[in-house]
S.K.: 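After the C-alpha cells below, expect a handful of questions from me.
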Amino acid sequence: MFKSYRLFDIHGIPIKVHGSLPLFLILAGLLINLGGGVSGFLLTVLLWTLAFGCVLLHELGHALAARHYGIPVREITLYPIGGVAALAYMPKNWRREFVIAIAGPAVNFALAGLFALTYFLVPGALLGWLIAINLGLALFNLIPGFPMDGGRILRALLARRRSYFRATKIAVDVGRNVAIGMGALGFLSIFMPLASPMLLPISIFIYFAAKAELTRVALEERLGHADPLTSFFFPDAGSPSGRGTAYRESEAPRVFTWTFRNEVPTSTPRGDGRIIDL
Ligand code: ZN
C-alpha cells in the first residue's frame with residue numbers, strides 16, 4: 001500500500017522513509033497531543049521525529065560497522081515500528097556479527113551519555129526526552145529476541161564454541177520464547193496500562209523472522225557453500241517440500257528444491273541451475 005521514499009544519502013547509503021511513517025507521526029500528534037492545541041500537536045510530532053532521528057543513527061551504527069568489514073549496505077529504511085539496515089549479508093564470523101549487532105545499541109548509549117552530559121550544563125525537558133529515548137532504544141534492542149540485536153549478539157557469543165547452526169538454533173529458541181512473552185505482554189496492554197500494545201505486532205514479527213532465519217541457516221549448511229545466502233523463500237511452509245530461490249552475491253540467482261521437517265531441511269537442496277529473470 002505504501003512505498004518507501006529516498007530522502008538523502010549518507011556515506012553513499014540511501015536513507016529511505018516508508019510512506020506510512022508521516023501518517024504515523026500525524027496520528028501520534030493527534031492522539032498523544034502533549035499540552036493540547038496546535039502547539040501541542042507540533043511539539044508531539046517534533047519529539048517523535050527526533051526519536052526516529054535517533055533510530056536512524058542506530059541503523060547507521062550497524063551499517064558503518066558492516067561497511068568496515070567490506071559488507072555492502074543496500075539502504076536504511078525507517079518504518080513506524082523501527083528502522084532496518086539492509087546489509088547484503090550477515091557475516092558468519094562471530095566477532096564480526098557481534099560488532100555489527102552491538103554497534104546500533106552502542107550508538108544510542110553514546111548519545112544518551114552525550115545528552116546527559118549536556119543536561120548537567122543546561123537542564124531541559126527536551127534533553128531529558130532524548131536521554132530516555134536513547135536509553136530505551138539501546139535496552140529494548142538488547143532483548144535477546146532473534147533477529148533483534150540482542151538475539152544476534154547471543155548467537156555470536158554462542159557460536160564461539162558451537163557450530164553456527166547449533167548457535168542459531170539456540171538463539172532462535174530463546175527468541176521465540178521472548179516473542180511469546182512479549183506478545184502476551186502486548187496483548188494484556190490493550191486492556192491495562194502495562195506496556196505498549198505495539199509489542200503485539202513486534203512479537204509476531206520476531207516469531208516468524210526467527211523461524212525464517214533458522215531455515216536460512218539450515219539451507220546454507222545443506223548447500224555447503226562458502227558464501228552466505230542473501231535471501232530465499234519457500235512458498236508453502238505447511239508442505240513437506242519447498243522450492244526456494246537462493247540469491248548470492250557471487251553468482252546469479254538459482255532455484256533449489258528440498259524437503260524439510262520441523263523447519264529444517266532434511267534433504268540436500270538440488271539446484272537445477274536455472275537462472276531467474278528478476
Ligand atoms: Zn539494531
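Below, all heavy atoms of this structure are taken into account, side chains as well, without hydrogens, waters or symmetry copies. Here the structure is a predicted model, which is why all the values come from computation and not from measurement. In this chain, residues are counted from 1 in sequence order. Each ligand, and each atom within it, is numbered from 1 in the order the structure gives.
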S.K.: Protein N/O/S atoms under 2.8 Å of the Zn ion (ligand 1)?
M.R.: His58 NE2, His62 NE2, Asp149 OD1, Asp149 OD2
S.K.: So His18 and Tyr79, would you call those rings parallel, tilted or perpendicular, with 30° and 60° as cut-offs?
M.R.: tilted
S.K.: So how far is it from Leu50 CG to Leu46 CG, rounded to the nearest 0.5 Å?
M.R.: 4.5 Å
S.K.: Can you tell me how the ring of Phe98 sits relative to the ring of Trp94, calling it parallel under 30°, perpendicular over 60° and tilted otherwise?
M.R.: perpendicular
S.K.: Is the closest side-chain donor-acceptor distance between His58 and Asn134 under 3.5 Å?
M.R.: no
S.K.: Can you tell me how far apart CG (Leu142) and CE (Met148) are? Round to the nearest 0.5 Å.
M.R.: 8.5 Å
S.K.: To the nearest 0.5 Å, tell me how far Ile100 CD1 sits from Asn93 CG.
M.R.: 9.0 Å
